**Student:** 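This is the structure I have questions about; it appears just below.
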Amino acid sequence: MALQAAVSLVNSAEEPDTMASVADLDAYFEEFAYTGRHRRTQDELAEVRVLRPTLRGLLTADRDDAVRQVNVLLARHHAVPRLVRHDEMDWHLHAVDDEQPLATRIAVETAMAMIDVIRTDEMSRLDVCADDDCNGVVLDLSRNRSRRFCSTTCGNRNAVAAYRARQADRV
Ligand SMILES: [Zn+2]
Ligand SMILES: [Zn+2]
């Protein structure tokens, strides 16, 4: 969930930018079931937007570089893992306080999620979209690792292009 949220946030920077207003941030907060402090201000939005290149760098890094970035993020935000249980969720880890800014919590949650990806050597599940004009990040959680595009939009566009190319070959 934290990884999907991070990928979604990073991909919101692709044109057209879909993290452009406080309402966009509200929708993101709801979609990924964030809890804790949510200020709904332009400052908070700006902090979350500024985080995008950092997360992009982390999600697209090679394994050893990702380790370095995770360690930097955890140290910078003084992450201290503890088990918590709240709302409908059973015991799970939080590494920063709920009162920390949303951008800080997103950064640390992404770093915590990346720990598992790195430890299980599953970095290959993260890649850049196979569309030539898209830099979106792809998170492939499918069993047969078939996912190549960041969105159905990119997938469909390429399916259509491939179909046209086959038709053209026949003429
Ligand atoms: Zn929680
Ligand atoms: Zn794409």
Side-chain angles (χ1 to χ4, degrees), residues 1-20 24-40 44 47-49 51-61 70 73-74 76-117 119 123-142 144-165:
M1 191 69 161
L3 268 187
Q4 260 153 358
V7 167
S8 168
L9 180 56
V10 166
N11 290 351
S12 74
E14 292 296 303
E15 289 298 329
D17 195 318
T18 51
M19 185 58 78
D24 287 340
L25 182 55
D26 271 348
Y28 175 80
F29 193 89
E30 290 287 320
E31 180 178 359
F32 293 102
Y34 277 97
T35 55
R37 192 164 173 225
H38 179 28
R39 309 199 307 272
R40 295 192 171 81
E44 183 180 60
E47 289 164 17
V48 170
R49 286 173 57 87
L51 182 60
R52 296 187 299 189
T54 306
L55 294 190
R56 183 184 178 81
L58 173 56
L59 296 177
T60 57
V70 164
L73 279 173
L74 294 177
R76 182 189 298 156
H77 297 296
H78 311 289
V80 180
R82 80 213 71 154
L83 284 160
V84 295
R85 187 159 63 180
H86 62 84
D87 300 297
E88 302 289 285
M89 276 174 276
D90 198 9
W91 293 112
H92 60 284
L93 280 176
H94 276 197
V96 281
D97 199 87
D98 266 6
E99 290 306 302
Q100 290 290 314
L102 180 58
T104 300
R105 286 180 283 131
I106 295 172
V108 170
E109 278 183 24
T110 306
M112 295 290 289
M114 286 301 287
I115 289 175
D116 291 331
V117 177
R119 289 179 63 198
M123 293 294 292
S124 61
R125 292 201 180 267
L126 286 158
D127 206 347
V128 175
C129 185
D131 184 281
D132 289 341
D133 300 319
C134 178
N135 289 314
V137 173
V138 183
L139 173 61
D140 188 355
L141 297 175
S142 67
N144 60 357
R145 298 183 180 243
S146 54
R147 197 155 173 213
R148 295 170 57 228
F149 299 101
C150 72
S151 62
T152 45
T153 311
C154 280
N156 290 343
R157 188 186 321 127
N158 282 271
V160 169
Y163 175 79
R164 290 216 179 108

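Source: prediction; values computed, not measured. First listed ligand is number 1; within each ligand, the first listed atom is number 1.
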**Student:** Side-chain contact test, heavy atoms from C-beta onward, threshold under 4.5 Å: evaluate it for Val84 versus Asp98 and give yes or no.
**Tutor:**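 Counting from C-beta outward, Val84 and Asp98 never come under 4.5 Å.
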**Student:** Below the 2.8 Å mark, what number of protein N, O or S atoms do you get around the Zn ion (ligand 2)?
**Tutor:**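 Protein heteroatoms (N, O, S) closer than 2.8 Å to the Zn ion (ligand 2) number 4.
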**Student:** Under 4.0 Å between a Lys/Arg side-chain N and an Asp/Glu carboxylate O for Arg52 and Glu14?
**Tutor:**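 No, this pair does not count.
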**Student:** Do Leu74 and Met114 come within less than 4.5 Å of each other through their side chains, counting heavy atoms only?
**Tutor:**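 SC-SC contact between Leu74 and Met114 ruled out.
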**Student:** Kindly indicate whether the side chain of Pro101, heavy atoms from C-beta on, has any atom under 4.5 Å from the side chain of Glu47.
**Tutor:**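 When only atoms from C-beta onward are counted, Glu47 and Pro101 do touch, with a gap below 4.5 Å.
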**Student:** For Asp127, is there an ion pair with Arg148 - N to carboxylate O distance below 4.0 angstrom?
**Tutor:**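 Result for this pair is no, no salt bridge flagged.
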**Student:** Is the shortest side-chain N to carboxylate O distance from Asp26 to Arg40 below 4.0 Å?
**Tutor:**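 Arg40 and Asp26: salt-bridged.
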**Student:** Is there a side-chain contact between Ile106 and Tyr34 (heavy atoms, below 4.5 Å)?
**Tutor:**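 SC-SC contact between Ile106 and Tyr34 confirmed.
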**Student:** Could you walk me through whether Arg56 and Val137 pass side-chain contact (heavy atoms from CB on, under 4.5 Å), step by step?
**Tutor:** CA-CA 8 Å; Arg56 183 184 178 81; Val137 173; 4.0 Å; yes
**Student:** No waters, cut-off 2.8 Å: how many protein N, O or S atoms are close to the Zn ion (ligand 1)?
**Tutor:**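 The number of such protein atoms is 3.
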**Student:** Taking the side chain from Arg147 and the backbone from Asp140, do they hold a donor-acceptor pair closer than 3.5 Å?
**Tutor:**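 Looks like no, no N/O pair under 3.5 Å.
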